[in-house]
Amino acid sequence: MPSHAESSLEAGLVALKQGNYPTAIAHLEPVANSQQDGKTGLQAQVGLVMAYARSGQVPKAIAVCNNLIVSPNPQVQEWAERALEHLKKHQQRKKTSSKNSATGFVAFDNAHKPDAAPVNTASPQQTKNSGVKATSNAGNTSTVPASNIKNTNVDTMMGANYIGSLHRPQPKLFTIYWRHAGRAKVWQPLHKLNLIPLKLLATGTFFALFWVMREMLKLVMGLINQILVKLPYLEPWQLLYRDPTVVVMAVLVIALALSPWLLDRLLTNFYGQQELPKEQLNNRSREAIRVLQRSCQQKGWPFPKLRILPMAAPIALTYGNLARNARIVISQGLLDQLADDEIAVIYATQLGHIIHKDFMVMSLILLVSVIVHRIYQSISEWGNSISSAFGRWPARVLASLTYGIWFLLTGIALWLSKLRLYYSDRAASEITGNPNALTRALLKITIGVAGDIAKQEQTSWQLESLNLLAPVSYQQSISLGSLAGQVPFTSLLMWDNFNPHRRWFTINNSHPLIGDRIQRLSKIARHWHLEPELHLINEQSLRPKKHPFFLQIAPWLGIPFGFLFAGLIWLVWQIAYALKILNLKWIYEDWSFVSGCLLIGFSIGMVIRMNSFFPDIQPHALQTDDRLPSLLANPSAIPIDSINVCLAGKLLGRPGISNSLAQDLILQTNTGLVKLHHIPWLGQSINPQDFIGRQITVTGWFRRGATPWIDIQTMQTQNGQTVNSAHPIWSTVIAVAAQAWGAFIFLRG
């Protein structure tokens, strides 16, 4: 049973939210006076400041702030000092003008927003000498969470979310202690690698890109001629009826030959790429220069061209078509956040791509995808500049279509992007004899990327468009990097190492699991009799739970079952025909009924999975943000587990048309970052993009896959605005549509 003080506090906060300030003051004053230093009393006093200010009693609000400044709670002290500053400014303005007398507080300005601390605030040499690396959580560099400071209005700045946050444990400053495990002084080469799978996959990726571009071009050519046929006084172009195979192949070959110089121009104009002098790199990492010189001398290559991107996020990539014109690009953030040996081993991974020649096809993919992504960015910026909501619709459709094309083009190279990193990690270890430095580098990159997203409050264009060639994907970094330091890496990586179904959930990922890569690096370290940087638990994978996994893939299992059902029907009809019971000659002439059976099987699988995938959300079973680390660390979880959550925090993401598909929605809680999935429903006038930068409460289903995410059920702001996400509805629509279309095909046959 709640106490009388808690009941009064709750009643006062409800009245405050409703704008009934006299009632709020009546409920909150007794609680504030009787329990000044307790959590309940502190919340009551914060509420009183808001109620007094909004009701025009600024002197009383100032008096309460003066009491809060001497509070033992450092978070409350910080808040009170800033609130008092704005109260006094408001009081001074009120003396000269009564224009703003009814507005109460103004929002804290952006100058008070704490920036995300860099991953490494010490110089690489200092870090190396100390043996200890201090790392601050992205966006939480002080004892006051950033989500409670920077807001745009009174309701989000000082509303119930701030008061309620006093109930939860506040994030603390933390330090990550790196073991700085040793490196090999003298090491034997590892066994020779079989490069045939990598080369076959690279060749297949090139022809897949050719086929996709040819089919897209044929589709566009066909649509143009169809439009010309429908229009009066116009004739279709005969040129558009020709087969574009030769043209597409010639364009791709020329683009591959010119890719180094074309990418130079694109990255310089749109990303600010610059040359990186050897002297500058030598000042940050002498070992990197030695590694590059030694490797190039052994291979007989010229020294590679070095480039740098002015990005705070740590990133590295290599492009070109031959070893003699290869470019190795790193970001300023990578130089700032990694130590000497870690920078060197990242350069060694890029040398690995050159050695294995996989960078040639990836350069072509990057060239094509960067151009499309730039078009998408330009359309989004143009659409955002249109003031009319109706006028933005064409830009919204074009931007979404262009983003879909970019997504398709990058999807062609997913398997190659994933496989080549295993080879480059191994090559870097063999070149430097330092697999432990690569382990640290990968983890620090995840921390740096998460910090950059938290600081910019969105996934930057550069980070998204270059993700395919980056050492670590930004999707992997969102939760892993933001929780680093609060939970041991060994716990966060348990899912990557021991989940029995983890391989299935990386099929659509551009990068292998971090835990899997670190486990391989640890094996190399042990092979050279080195202490690994991370002591991953040496145990077998967990015993698979077959029933939940089969339920997870039920829609896809329905496809082969549909095929078997079609075969059974064909067999029955053939027997009936042989026995002259039925004459179904059409079965031999039209096999379209097989497609109908496949669709019916898929829809039945979706229906079977529906209740388990989207169970009713029970209020008593909701998990809050303080449970996020344990949800991520559960090694046996899979997406079908559908954990009910209710998390509060700030919504991050790109605003406007650039986020029309809700592809960049991230919740920043007091604990860390987590990806959000939203599917709109017809008739909703409010979009999640409208809430970006504001404090929200998200209710939905947490899913643990290769990238953790939350399927949103509702998203609510502090002033009561709500967006509903139609995941169950759209799943039902897809299932019914597949069932109806399959039945139509079947019966048509």
Side-chain angles (χ1 to χ4, degrees), residues 198-199 201-218 220-221 243-276 292 296 299-309 315-331 350-378 402 405-414 416-417 420 424 461-462 464-470 510:
L198 183 65
K199 294 183 181 298
L201 189 54
T203 304
T205 300
F206 175 83
F207 283 105
L209 176 65
F210 158 74
W211 181 83
V212 168
M213 294 190 66
R214 186 191 66 177
E215 294 304 310
M216 287 195 299
L217 182 59
K218 289 170 66 175
V220 172
M221 292 164 60
D243 186 0
T245 299
V246 176
V247 174
V248 174
M249 179 61 73
V251 169
L252 287 180
V253 171
I254 294 172
L256 180 60
L258 299 178
S259 60
W261 300 277
L262 294 175
L263 282 170
D264 280 345
R265 179 63 62 88
L266 287 172
L267 295 179
T268 300
N269 292 343
F270 300 132
Y271 296 79
Q273 177 177 275
Q274 301 173 357
E275 290 189 10
L276 177 62
L292 291 171
C296 292
K299 299 290 182 180
W301 300 339
F303 196 87
K305 296 177 175 61
L306 305 181
R307 302 286 190 267
I308 187 168
L309 294 171
I315 193 173
L317 58 98
T318 298
Y319 63 89
N321 51 31
L322 296 172
R324 65 172 175 266
N325 57 35
R327 279 80 159 147
I328 300 180
V329 186
I330 62 170
S331 67
Q350 304 310 303
L351 286 173
H353 296 314
I354 301 174
I355 294 171
H356 302 142
K357 298 181 175 61
D358 57 77
F359 77 116
M360 299 169 58
V361 176
M362 294 301 294
S363 299
L364 182 61
I365 295 286
L366 179 65
L367 175 62
V368 175
S369 63
V370 161
I371 293 173
V372 176
H373 197 277
R374 178 60 188 175
I375 295 172
Y376 154 66
Q377 181 183 352
S378 300
T402 308
I405 294 173
W406 173 82
F407 190 81
L408 175 62
L409 292 173
T410 55
I412 294 170
L414 289 183
L416 176 59
S417 172
R420 75 190 197 117
S424 66
W461 300 103
Q462 298 92 331
E464 182 179 64
S465 58
L466 301 177
N467 180 65
L468 196 65
L469 275 71
S510 59

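- Rounding to the nearest 0.5 Å gives a distance of 4.5 Å between CD1 of I328 and OG1 of T318.
- To the nearest 0.5 Å, atom CG of residue L267 and atom CG of residue L309 are 6.5 Å apart.
- For the residue pair S424 and H356, the shortest heavy atom distance occurs at N-CE1, 4.2 Å.
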TODO: Please report the C-alpha distance between L416 and F206 in whole Å, then the side-chain angles of each, then the deciding distance to 0.1 Å, and finally whether the side chain to side chain contact (heavy atoms under 4.5 Å, CB included) criterion is met.
DONE: CA-CA 10 Å; L416 176 59; F206 175 83; over 6 Å; no

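- Of all the heavy atoms in V361 and A202, the pair that sits closest is CG2-O, 3.7 Å.
- Heavy-atom neighbours of F407 CZ from other residues, nucleotides or ligands within 6.0 Å: at or below the threshold of 12.
- In this structure, the side chains of N321 and L258 stay at 4.5 Å or more apart for every pair of heavy atoms.
- Considering only heavy atoms from C-beta on, M213 comes within 4.5 Å of L252 through its side chain.
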- [ ] For the pair W211 and V248, evaluate side chain to side chain contact (heavy atoms under 4.5 Å, CB included) and give the outcome as yes or no after the intermediate values.
- [x] CA-CA 9 Å; W211 181 83; V248 174; over 6 Å; no

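- In this structure, the side chains of R307 and T268 stay at 4.5 Å or more apart for every pair of heavy atoms.
- Within a 6.0 Å sphere centred on NZ of K199, other residues, nucleotides and ligands contribute more than 12 heavy atoms.
- With rounding to the nearest 0.5 Å, the separation of CG in L466 from OH in Y271 is 5.0 Å.
- Under the side-chain hydrogen bond (donor to acceptor under 3.5 Å, both in side chains) criterion, D243 pairs with T245, not counting sequence neighbours.
- Using a 4.5 Å cut-off on side-chain heavy atoms (C-beta onward), P304 and L292 make contact.
- A heavy-atom distance below 4.5 Å is found between the side chains of R420 and H353.
- Rounded to the nearest 0.5 Å, atoms CD (E275) and NZ (K305) are 9.0 Å apart.
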TODO: Output, in order, the C-alpha distance, side-chain angles, deciding distance and verdict of side chain to side chain contact (heavy atoms under 4.5 Å, CB included) for L468 and S510.
DONE: CA-CA 6 Å; L468 196 65; S510 59; 3.9 Å; yes

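- Taking both residues in full, the closest heavy atoms of S369 and T410 are given as CB-CG2, 3.8 Å, listed atom of the first, atom of the second, then distance.
- Two residues are said to be in side-chain contact when any heavy atoms from C-beta on lie closer than 4.5 Å; M249 and F207 meet this criterion.
- Between S363 and L263, the shortest heavy-atom contact is O-CD1, 3.7 Å.
- Closest heavy-atom contact between D358 and G352: OD2-O, 4.4 Å.
- Here the closest heavy-atom approach between residue T205 and residue I412 is recorded as O-CG2, 3.7 Å.
- The closest side-chain heavy-atom distance from F270 to H373 is not below 4.5 Å.
- Put simply, CD1 on I365 and CZ on F359 are 15.0 Å apart, with the number rounded to the nearest 0.5 Å.
- The backbone N or O of L256 sits less than 3.5 Å from a side-chain atom of S259, completing a donor-acceptor pair.
- Taking 4.5 Å as the limit, some side-chain heavy atom of Q273 sits within range of a side-chain heavy atom of V329.
- Once rounded to the nearest 0.5 Å, the distance linking CE of M221 with CZ of R214 reads 11.5 Å.
- A cation-pi geometry, defined here as NZ or CZ lying under 6.0 Å from the six-membered ring centre and within 45° of its normal, does not hold between R374 and W461.
- Applying the 6.0 Å contact sphere to CH2 of W261 captures more than 12 heavy atoms from other residues, nucleotides or ligands.
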